[in-house]
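Below is one structure; the comments refer to it alone.
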There are 2 protein chains.
Amino acid sequence: MSEKVSSRKQQVRAVDVARHAGVSRVSVSRTFTPGASVSASTRAKVLKSAEILGYHVNRLASSLNRSESGIVALIAAEIETPHRATMIAELSEKLQAAGKVTMLINTSGYEERVQDALLQAISFRTEAAIILSGAPDPSLADTCFSNGMKLVLINREEDFPGSLQIGPDNKAAGRTAFNALLRAGCQRIALSNSSNATSGILEREEGFLEAAVEAGVNVICEVAGVTSYKAGLEIGTRLMDREDRPDGVFCTTDLIACGVIDAARQRFGLRTPEDLSVIGFDNIPQAEWEGYNLTTFAQPTDLIIDKCLEWCTTQQPSTEAVKLPARFVWRNSVQKVLVAQSQ
Amino acid sequence: MSEKVSSRKQQVRAVDVARHAGVSRVSVSRTFTPGASVSASTRAKVLKSAEILGYHVNRLASSLNRSESGIVALIAAEIETPHRATMIAELSEKLQAAGKVTMLINTSGYEERVQDALLQAISFRTEAAIILSGAPDPSLADTCFSNGMKLVLINREEDFPGSLQIGPDNKAAGRTAFNALLRAGCQRIALSNSSNATSGILEREEGFLEAAVEAGVNVICEVAGVTSYKAGLEIGTRLMDREDRPDGVFCTTDLIACGVIDAARQRFGLRTPEDLSVIGFDNIPQAEWEGYNLTTFAQPTDLIIDKCLEWCTTQQPSTEAVKLPARFVWRNSVQKVLVAQSQ
DNA sequence: TTATTGTATGTACACGTGTACACAACGTGT
DNA sequence: ACACGTTGTGTACACGTGTACATACAATAA
């Protein structure tokens with residue numbers, strides 16, 4: 001019994017502060033509501049009493065009343081991955097700066113967890129859900145919309161009415177990558193990808209292959225494993241083991257690229273870019289490490305995130321699909337263009 | 001006017017479902033409350049109507065009423081860092097599995113943001129706050145406790161009554177690192193650390209230096225920059241530039257270790273472990289990459305997280321400080337022990 | 001049949017807040 | 001002196017839910 005009471009009544013409410021300060025409860029509410037009309041004297045009294053009693057506005061109650069939770073859900077899998085982690089770091093930081101609160105929902109493991117994640121977001125009356133991996137069920141998305149929730153899909157190619165779909169222009173980047181390898185004088189060009197690639201990643205592959213077809217070049221394709229360094233290691237080993245060993249590789253992901261580079265260097269004694277040109281995608285921090293010096297594409301994260309925030313914080317009822325150009329970051333994993341082509 | 005109404009009344013509430021199903025509102029509540037007593041027939045009716053209307057329990061209201069939010073705050077800075085990202089990934093995954101919801105608060109930038117983060121956690125009536133970087137103001141912590149909030153400090157050495165302080169045994173690891181370098185036959189042993197090291201990281205340094213003093217060995221110390229790969233690069237360059245170039249280095253962080261290795265290899269043509277033995281700490285994914293093969297210490301993340309969850313989900317009123325042994329991961333960045341010591 | 005138990009439902013209240021509305025006090029211009 | 005706009009405060013209600021309590025009803029035991 002006594003436990004019940006103590007665990008129930010221990011919260012300090014606005015009315016407690018009001019009593020202590022000798023003012024009305026609404027004055028307390030107004031004191032903590034920006035733009036509300038309170039006299040300076042009562043405001044001071046309220047603030048003092050709140051300080052003494054340790055009062056803090058209960059945002060659960062406040063959100064319930066105003067039907068504005070201020071929460072934004074971030075739904076992602078494999079958030080320990082360099083690029084994903086960077087995205088989440090920047091997103092959470094900017095959301096914080098915009099006065100929003102980020103709810104992180106990790107969907108690693110089962111793919112169906114995206115549904116559960118969205119259900120959780122709905123039940124907390126999240127103002128928006130930013131989905132970095134996977135895609136929701138359309139009917140569930142409708143429920144989101146009818147609750148006034150915004151939806152953002154990052155790096156997904158499927159149509160999704162009512163939501164913002166944003167990401168880099170993967171196809172164009174793939175084309176650029178091919179042309180760069182070609183112009184670097186590569187004779188045997190390869191593509192390496194993971195076998196669980198998302199639609200965004202597949203677009204990079206498509207763009208690359210399209211450009212190859214247009215140039216009349218045959219591309220060596222090696223696909224294996226999940227998107228990871230380990231997969232890159234395996235792919236690289238297979239590639240270097242081939243009789244027609246490639247001298248230029250486009251990896252759909254920096255992690256794979258690092259694996260390929262290490263396979264070539266550590267297992268075959270090949271150097272980059274002298275023996276093998278490599279291009280990646282994502283511009284993860286490790287791409288800049290001196291051991292890799294990876295030429296790659298930087299996703300326009302700043303622009304993507306700004307657009308996300310704009311979408312989440314303003315009224316945007318319609319559908320929108322945005323493709324932003326990826327920036328080609330030229331480092332030193334691709335053979336420099338020869339002025340006079342040999343042979 | 002019409003906007004107001006539409007933006008207000010669009011939420012579908014339990015009473016709507018009740019009307020549609022021809023039952024009482026409490027029956028709806030009970031249907032979605034595990035263990036509540038509802039007949040199978042009404043339950044079915046309610047579920048059907050809820051499905052049709054797209055009803056989802058409002059957890060803001062529910063939390064407010066039961067004074068149990070189910071939210072756990074994760075407070076951290078530099079969450080894009082490999083080790084930190086891994087911690088957050090595992091924490092969020094296990095919290096999710098335990099039925100909790102994680103609120104991510106990024107405190108990168110200003111250190112004072114830890115206060116703001118905790119204030120935010122309090123106002124959302126978070127059940128617990130897990131702090132991965134920085135430490136809160138003690139008075140604010142008291143406010144947390146009086147609100148029934150649990151507090152966990154990870155990898156902080158300061159005393160903090162009322163909270164769980166947990167982390168690896170940094171000091172012991174530092175000693176182990178020194179002895180490993182000594183036993184590997186290193187003649188000139190160095191320590192590299194960042195100049196903004198946290199208390200936990202400083203303990204590694206202390207343990208290392210203690211062991212050195214006991215062994216009567218003079219240690220070359222190089223400290224610079226913030227904890228990052230770049231700092232490691234700079235430190236490594238300085239170390240390799242010295243006249244008494246070290247042949248064994250303990251880096252307080254894997255990121256620094258990777259930088260040191262790259263500095264030695266790329267800028268001085270030195271090989272690891274033949275010319276330089278390196279030991280790191282954290283066992284980040286990159287430590288396993290074939291380009292580094294870094295011998296390091298794996299933090300007992302699983303144990304730490306399990307303990308965190310236990311602390312957060314059960315009644316644990318007292319203070320507790322837990323040090324868990326770090327696992328020495330032997331790879332190939334340290335010279336193998338010679339059977340017959342040369343000279 | 002009656003007393004008793006257990007189950008399902010309904011009533012009433014509580015959680016803690018924001019805000020529309022009414023109203024009092026006050027200064028200002030005529 | 002009076003009308004009037006401005007400012008601060010109080011009253012009442014709404015947000016959407018969970019649960020203690022009472023009650024109606026079916027099932028069981030005596």
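Remember, it's a predicted structure, so these values are computed and weren't measured experimentally. Naming: A, B, ... by sequence-line order, numbering from 1 per chain.
Distances were taken from every side-chain heavy atom of A/Thr33 (C-beta onward) to each of C/dG18, C/dA8, C/dT17; the shortest belongs to C/dG18. Of the candidates C/dA14, D/dA14, C/dT9, C/dA14 carries the atom nearest the B/Asn65 side chain, counting heavy atoms from C-beta on. Nearest nucleotide to the side chain of B/Leu64, out of C/dG16, C/dC13, C/dT19: C/dG16. For B/Gln11, the side-chain atoms get nearest to D/dG16 when compared with the rest of C/dT17, D/dG8, D/dG16. The side chain of A/Arg25 has C/dT19 as its nearest neighbour among C/dT19, D/dT9, C/dC13.
There is no side-chain donor-acceptor pair under 3.5 Å between B/Ser123 and A/Asn58. With no hydrogens or angles considered, a side-chain donor-acceptor pair links A/Gln120 and B/Gln96 at under 3.5 Å. A donor atom on one side chain and an acceptor atom on the other are found under 3.5 Å apart for A/Thr42 and A/Ser39. Between the side chains of A/Ser49 and A/Arg19, not a single donor N or O lies within less than 3.5 Å of an accepting N or O.
The shortest distance between the side-chain N/O atoms of B/Thr42 and the OP1/OP2 oxygens of C/dT9 is below 4.0 Å. Between A/Ser27 and the phosphate of D/dG8, there is no side-chain N or O to OP1/OP2 separation shorter than 4.0 Å. Between B/Ser24 and C/dG10, a side-chain N or O to OP1/OP2 separation shorter than 4.0 Å is present. Distances shown here put a side-chain N or O of B/Ser29 below 4.0 Å from the OP1 or OP2 atom of D/dG18. B/Ser37 has no side-chain polar atom (N or O) that falls below the 4.0 Å cut-off from OP1 or OP2 of C/dT7.
Between the CD1 atom of B/Ile122 and the C1' atom of C/dG16 there is a distance of 17 Å, rounded to whole Å. Rounding to whole angstrom units, CZ of residue B/Phe124 and P of C/dC15 are separated by 21 Å. As rounded to whole Å, 15 Å separates atom C1' of D/dA20 from atom CZ of B/Arg66. In this structure, B/Lys45 places its NZ atom 13 Å from P of C/dA8, rounding to the nearest Å. Here D/dG16 presents its C1' atom at 13 Å from CG of A/Asn147, a figure rounded to the nearest Å. Atom CZ in A/Phe32 sits roughly 17 Å away from atom C1' in C/dT19 (whole-Å rounding).
Contact annotation: side chain of B/Arg30 to base of C/dG10, donor-acceptor pair present below 3.5 Å. Remark: the B/Arg59 side chain and the D/dG16 base include no donor-acceptor N/O pair separated by less than 3.5 Å. Remark: the B/Arg125 side chain and the C/dG16 base include no donor-acceptor N/O pair separated by less than 3.5 Å. At a cut-off of 3.5 angstrom, counting only N and O atoms as typed in the model, there is no donor on one side facing an acceptor on the other between the side-chain of A/Asn58 and the base of C/dG16.
Taking for each of A/Ser62 and B/Val26 the nucleotide of DNA chain C with the nearest heavy atom, the 5'-most of the two is the partner of B/Val26. Of the residues near DNA chain C, B/Val23 and A/Val28, the one whose nearest nucleotide (by heavy atom distance) lies more toward the 5' end is B/Val23.
Among the atoms of the strands shown, only primed sugar atoms or phosphate atoms (P, OP1, OP2) are found under 4.0 Å from some heavy atom of B/Tyr55.
When each of B/Leu95, B/Asn106, B/Ile105 is tested with B/Leu74 by the rule side-chain contact (heavy atoms from CB on, under 4.5 Å), just one qualifies, namely B/Leu95.
Listed for the B/Lys100 side chain is no donor-acceptor partner under 3.5 Å among the backbone atoms of B/Glu127.
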